[in-house]
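Chain identifiers are assigned alphabetically (A, B, ...) following the order of the sequence lines, protein sequences preceding nucleic acid strands; residue numbering begins at 1 within each chain. Remember, it's a predicted structure, so these values are computed and weren't measured experimentally.
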Amino acid sequence: MEIPSKYEPQAAEAKWYAYWLEKGFFNSKPDHRPAYTIVIPPPNVTGVLHMGHMLNNTIQDVLIRRARMRGFNACWVPGTDHASIATEAKVVQKLRAEGIKKSDLSREAFLDHAWEWTHKHGGIILEQLKKLGASCDWNRTRFTMDEKYYEAVIDTFIDLYNKGKIYRGERMINWDPAAKTALSDEEVIYKEVNSHLYHLKYKVVGSEEFIVVATTRPETILGDTAVCVNPKDERYLHLHGKKVIVPLVNREVTIIGDDYVDMEFGTGCLKVTPAHDMNDFMLGQKYNLEIINMMNDDGTISTAGGMYIGQDRFAVRKQIALDLEAAGLLIKQEPYANKVGYSERTDVVIEPRLSLQWFVDMKELSEPALENVMNDNIKFFPPKFKNAYRHWMENIKDWCISRQLWWGHQIPAYYTEDGKWVVAKTREEAEQKIKEQYPDYTGSITQDPDVLDTWFSSWLWPIGVFDGFYSEDEVSYYYPTTDLVTAPEIMFFWVARMIIAGYEYRGELPFKNVYYTGIVRDKQGRKMSKSLGNSPDPLVLIDQYGADGVRVGMLLSSPAGNDLLFDESLCEQGRNFSNKIWNAFRLVRGWEENTSDIEQRPAAAVAIHWMNAQLNATIEKLNDDYEKFRINEALMTTYKLVWDDFCAWYLEMVKPPYGEKMDSQTYAATIDIFEKLLTVLHPFMPFLSEEIWHMLREREDGASLCIAHWPSSTNESSPWIEGFEEFSQVVIGIRNIRKENQIANKEKLVLKMLSTQGAASDFHPAIEHLGNIESTEWVSEKPDQCYSFIVSGREFFVPFTAQFDAAAEIKKLNEELVYTEGFLTSVERKLSNENFVSKAPAAVLDGERKKQSDAQQKIEMIKQQIAALS
RNA sequence: GGGAGUUUAGCUCAGCUGGUUCAGAGCACCUGCCUUACAAGCAGGGGGUCACUGGUUCGAACCCAGUAACUCCCACCA
């Protein structure tokens with residue numbers, strides 16, 4: 001059967017993925033083996049696979065596949081996140097396209113739409129991961145709104161509430177007036193915008209004097225309840241304690257002094273609007289100021305504003321500037337660039353807003369989470385992220401967990417009509433509690449309409465996926481999990497909080513290692529995004545280059561924590577590598593038919609010794625690379641082992657001369673070696689390796705490379721490896737002589753050597769084979785009429801052929817002489833430096849002395865050669 | 001504004017406690033080859049004042065100080 005010279009991945013990929021699933025290789029149940037567990041960072045349930053997922057999941061798959069081969073009970077748990085705000089936004093958008101407004105729907109009807117959407121689009125992303133080769137235990141697929149998981153989230157809320165860790169409080173929060181929900185600080189994006197700085201006149205009461213404040217938000221004067229200056233500011237010393245009149249509003253407010261105010265900025269005079277600015281709120285608390293909430297939840301002016309009621313905040317800003325100007329109270333309006341917070345989801349300007357929200361008190365909860373990262377109980381790769389982590393944890397703020405949305409875990413708090421509340425798992429329980437705590441209350445109760453922040457469910461992920469809140473069966477076996485692979489962007493959102501939850505609910509770390517991947521960027525370094533349209537479709541790439549090709553392409557250039565500048569040519573390189581392996585297989589496969597019981601060629605025997613030694617050494621290095629999570633380095637090591645060592649050297653060494661047969665001993669050894677190579681390739685290139693592995697020998701039904709054993713190795717050094725260095729140099733020397741003197745490869749040469757000593761002596765048969773050497777002769781002195789080259793201080797000679805060009809040869813030798821003499825001078829200068837000789841360690845000194853004598857010897861040799869030629 | 005990090009070949013990066021190799025890899029590039037596995041290939045080759053300036057040292061890509069550029073995180077001066 002003719003095997004095509006190009007590897008065609010499509011059929012193989014479909015075939016083997018189906019086979020793996022059918023045989024259940026990815027499924028895991030607790031047993032006697034040690035567990036190796038990874039929980040997937042759950043993608044948004046209705047999300048679509050992008051390049052970030054590709055990188056992230058490829059790394060997880062590499063880790064889990066290798067663990068499986070090393071005999072661990074490997075368990076990779078997949079799943080999806082309900083992503084409350086992102087999913088709800090999509091559903092709202094879809095309904096709007098159909099002419100339905102969310103506000104026209106009941107909560108139940110809206111949730112029906114959301115579930116319908118989830119069922120329709122949910123899990124597409126998991127199907128896409130299968131194309132990549134992800135070896136997840138699909139039977140374990142979890143969703144953060146699964147019944148059990150939902151219950152765990154609610155129970156956690158109740159538990160933390162009962163422990164006094166959750167409280168309800170009035171705080172300044174980031175308000176999204178479009179989505180009408182609170183956002184966490186992390187969901188706010190600050191953008192540089194060109195706005196204006198308005199200078200407004202406030203008249204001092206009982207005086208003809210005015211003071212001037214500078215603000216970018218003149219409309220908020222409706223909520224002003226003080227004016228603040230720096231107490232050290234001499235310009236305003238005489239005004240302390242006096243009152244001023246807020247323009248247009250005509251409210252009298254006090255002038256207070258606080259060194260929060262920067263004297264250098266603007267006029268050094270700050271208007272204080274406690275309800276609409278984080279810092280003003282802080283001042284309001286400190287000086288017990290009145291709080292006037294002059295805005296509605298949609299960003300329009302409220303009745304408390306007193307004027308412009310019902311108008312939008314931005315319209316009012318324009319209008320009030322005109323009105324102030326008309327009243328002669330606007331001194332100037334100058335262009336000013338500042339940063340303004342926008343909602344990550346809806347892209348509208350965030351309104352700091354005073355609101356009643358639920359919070360988690362993080363201070364105490366976070367203590368073990370900080371300590372166990374700093375002491376490396378949980379290791380970060382790369383460790384540089386520990387700094388950022390520590391900084392955040394040491395300054396941790398309470399976590400606002402309520403969101404004014406419907407899609408998610410509804411907060412289990414129930415309110416009476418007069419503003420009392422209880423926290424309870426069910427309505428019945430809540431009614432019971434109300435009865436106990438407020439026996440006089442007779443009205444109805446309503447559940448808090450808000451849902452919990454998405455991360456309040458995903459922080460339970462490593463426990464929740466094993467139903468760890470309700471049964472010890474699995475969680476005690478799989479938890480703590482082994483590795484977490486994620487993006488540094490969500491270190492605070494997710495990683496830190498999982499660690500917190502881990503210690504709070506299991507008294508233990510959730511995972512041992514955290515591997516931070518970089519951000520996938522395009523060639524120009526821009527983050528890949530939908531709006532830029534610079535992200536390739538992963539499925540198209542897989543189709544074009546094969547899943548293995550894409551996997552290799554992604555990993556080749558992505559050290560932990562470094563951004564990956566993605567370029568399709570990386571996939572091309574991956575595809576080329578697939579093809580290289582494929583063709584090596586074709587060559588070996590060709591020998592199968594052409595094997596006989598002839599004696600093993602000496603060159604082949606050498607090759608096998610060396611290749612086995614090299615394999616052993618490389619596996620040692622690979623294990624070390626993996627240990628340190630240097631995945632890209634492990635891949636490069638594997639790449640060179642296969643391409644350079646195996647294809648370029650080994651196969652050429654064992655290849656029978658044209659027209660001759662392969663001996664069965666070498667053939668068998670080659671198959672063994674190939675099999676080991678496929679094993680170490682498998683985590684990176686699961687499909688191709690499996691395909692060839694099955695074609696290499698007869699396999700039983702149910703056999704698979706996925707469950708083959710990772711090859712063992714020892715850390716012994718081998719003389720074969722040392723000898724190979726010299727051997728390859730000799731072969732290259734011969735090739736160079738051929739090339740420089742235009743001697744055809746077909747022409748047989750004689751190689752003469754001055755000494756039989758040297759590490760390469762074992763390789764002589766291989767030198768003859770690869771160099772097309774007719775015979776090797778030992779000579780006691782330098783022969784005449786020869787080309788020569790030096791490897792490791794030993795000289796090799798090839799007798800002249802007809803085309804010999806003596807002048808060119810002399811020129812070459814002279815160049816080498818000049819260089820070597822220069823080198824000698826620098827070594828000798830070092831050795832004649834008394835400080836060096838007296839202070840450098842003996843080993844370094846010996847090294848320099850050896851360099852000196854080697855160089856002297858070499859100079860002598862070159863001089864002789866030049867003399868002989870002239 | 002605070003903190004962290006980066007700066008080594010055209011590109012992406014290694015370079016572990018300062019010391020055998022006048023600095024390494026992959027890709028890209030140049031030259032020659034359709035040689036009986038592979039042109040998605042083979043053989044050979046060029047290319048770097050290790051950001052800059054000082055210092056410590058017998059010796060610095062590596063340690064120290066300063067300068068510059070870039071990146072990220074945190075804060076969010078109205």
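Partner A:Leu283 forms a side-chain contact (heavy atoms from CB on, under 4.5 Å) with one of A:Thr225, A:Val272, A:Val261 and no other, that one being A:Val272. Remark: of the listed residues A:Tyr516, A:Phe380, A:Phe381, A:Phe381 is the sole one forming a ring-ring contact (aromatic ring centres under 6.0 Å, His included) with A:Phe629.
Using atom P as the reference point in both B:rG10 and B:rG54, the two lie 24 Å apart (nearest Å). Using C1' as the reference atom, B:rC30 and B:rC74 are 49 Å apart when rounded to the nearest Å. Taking the P atoms as reference points, B:rG24 lies 13 Å from B:rG47, given to the whole Å. For B:rG5 and B:rU57, the P atoms lie 27 Å apart once the distance is rounded to whole Å. Nucleotides B:rC27 and B:rA43 are separated by 12 Å at their P atoms, to the nearest Å. Using C1' as the reference atom, B:rU56 and B:rA65 are 11 Å apart when rounded to the nearest Å. Annotation: B:rG66 and B:rC50 have their P atoms spaced 23 Å apart (nearest Å). Comparing the P positions of B:rG18 and B:rA60 gives a spacing of 13 Å, expressed to the nearest Å.
Heavy-atom contacts from other residues, nucleotides or ligands closer than 6.0 Å to CD of A:Glu627 number 12 or fewer. In this structure, A:Lys386 places its NZ atom where more than 12 heavy-atom neighbours from other residues, nucleotides or ligands lie under 6.0 Å away.
Protein atom CG of A:Leu587 is 16 Å distant from nucleotide atom P of B:rG41, rounded to whole Å. When rounded to the nearest whole Å, the span between CG of A:Asp624 and P of B:rC16 equals 14 Å. Following rounding to the nearest Å, A:Lys739 (NZ) and B:rU31 (C1') show an atom-to-atom distance of 6 Å. Per the geometry, CG belonging to A:Asp644 stands 19 Å off P belonging to B:rA37, to the nearest Å. In this structure, A:Asp567 atom CG and B:rG26 atom P are separated by 18 Å, rounded to whole Å. Atom CG of A:Asn395 is separated from atom P of B:rC76 by 12 Å (rounded to the nearest Å). Rounded to whole Å, atom P of B:rA75 lies 10 Å from atom CE of A:Met278. Counting to the nearest Å, the P atom of B:rU12 and the CG atom of A:Asn632 are 15 Å from each other.
Counting atom types as modelled, A:Glu652 pairs a side-chain N or O with a base atom of B:rA37 as donor and acceptor under 3.5 Å. At a cut-off of 3.5 angstrom, the base of B:rC76 holds no donor-acceptor pair with the side chain of A:Lys339.
A 3.5 Å limit on both hydrogen-bonding distances identifies B:rU67 as the Watson-Crick or G-U partner of B:rA51. Look at B:rG59: it lacks any Watson-Crick or wobble partner with both distances under 3.5 angstrom. B:rG26 and B:rC11 make up a base pair, with Watson-Crick or G-U wobble contacts both under 3.5 Å. When Watson-Crick and G-U wobble pairs are counted only if both distances are under 3.5 Å, B:rC38 pairs with no nucleotide at all. When Watson-Crick and G-U wobble pairs are counted only if both distances are under 3.5 Å, B:rA43 pairs with B:rU31.
For B:rC77, the OP1/OP2 oxygens have a side-chain nitrogen or oxygen of A:Asn279 closer than 4.0 Å. For the OP1/OP2 pair of B:rA25 and a distance below 4.0 Å, the side-chain nitrogens and oxygens of A:Lys640 include no atom meeting the criterion. Under 4.0 angstrom from either OP1 or OP2 of B:rC42 there lies at least one side-chain N or O belonging to A:Lys580. Residue A:Arg630 places at least one side-chain N or O under 4.0 Å from the OP1 or OP2 atom of B:rG15. An OP1 or OP2 oxygen of B:rC42 is reached within less than 4.0 angstrom by a side-chain nitrogen or oxygen of A:Trp643. At B:rG41, none of the side-chain N or O atoms of A:Asn579 fall inside 4.0 Å of OP1 or OP2 (strictly under the cut-off). Taking side-chain N and O atoms only, A:Tyr639 has a distance below 4.0 Å to OP1 or OP2 of B:rC27. Using a 4.0 Å cut-off, some side-chain N or O of A:Asn338 falls inside it from OP1 or OP2 of B:rA78.
Toward the 5′ end of RNA chain B lies the nearest nucleotide of A:Lys6, the other residue of the pair A:Lys6 and A:Asp280 mapping further downstream. Remark on RNA chain B: of its neighbouring residues A:Tyr336 and A:Val731, the 5'-side contact belongs to A:Val731, judged by nearest-heavy-atom nucleotide.
Using a 4.0 Å heavy-atom distance criterion, A:Val272 is classed as making no nucleic acid contact. Residue contacts for A:Leu270: at a heavy-atom cut-off of 4.0 Å it reaches a base atom on one of the strands shown. Nucleic acid contact class of A:Lys655 (heavy atoms, under 4.0 Å, all strands): base. Nucleic acid contact for A:Lys628: none, since no nucleic acid atom lies under 4.0 Å from a heavy atom of the residue. A:Ala214 comes within 4.0 angstrom of a base, heavy atoms only. Among the heavy atoms of the strands, none lies under 4.0 Å from A:Leu570. When heavy atoms are screened at a 4.0 angstrom cut-off, A:Cys647 is found touching base atoms of the nucleic acid. A:Asp262 comes within contact range of at least one nucleobase, with a heavy-atom separation under 4.0 Å.
At distances below 3.5 Å, not a single donor-acceptor pair connects side-chain atoms of A:His199 with backbone N or O atoms of A:Val213. Between the A:Asn579 side chain and the A:Arg575 main chain, no donor and acceptor come within less than 3.5 Å of each other.
Which of B:rC38, B:rA43, B:rA4 sits closest to the side chain of A:Ala648 comes down to B:rA43. When each of B:rA78, B:rA40, B:rU36 is scored by its nearest atom to the side-chain atoms of A:Tyr658, the top-ranked nucleotide is B:rU36. With B:rC74, B:rU12, B:rA37 as the choices, the nucleotide that has an atom nearest any side-chain atom of A:Ala584 turns out to be B:rA37. When distances are taken from the side chain of A:Thr216 to each of B:rA75, B:rA78, B:rA14, the shortest belongs to B:rA78. Comparing B:rG44, B:rG41, B:rG26 by their closest approach to the side chain of A:Arg735 singles out B:rG44. For A:Glu633, the side-chain atoms get nearest to B:rA14 when compared with the rest of B:rA4, B:rA14, B:rU36.
Expressed to the nearest 0.5 Å, how far NZ of A:Lys397 lies from CH2 of A:Trp392 amounts to 10.0 Å.
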A:Met295 and A:Arg313: CA distance, side-chain angles, deciding distance, side chain to side chain contact (heavy atoms under 4.5 Å, CB included) verdict: CA-CA 8 Å; A:Met295 218 176 281; A:Arg313 51 189 170 150; 4.1 Å; yes
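In terms of heavy atoms, A:Lys271 sits closest to A:Asp280 at O-OD2, 3.4 Å.
Judged by distance alone, the side chains of A:Tyr287 and A:Asp258 do bring a donor and an acceptor atom under 3.5 Å apart.
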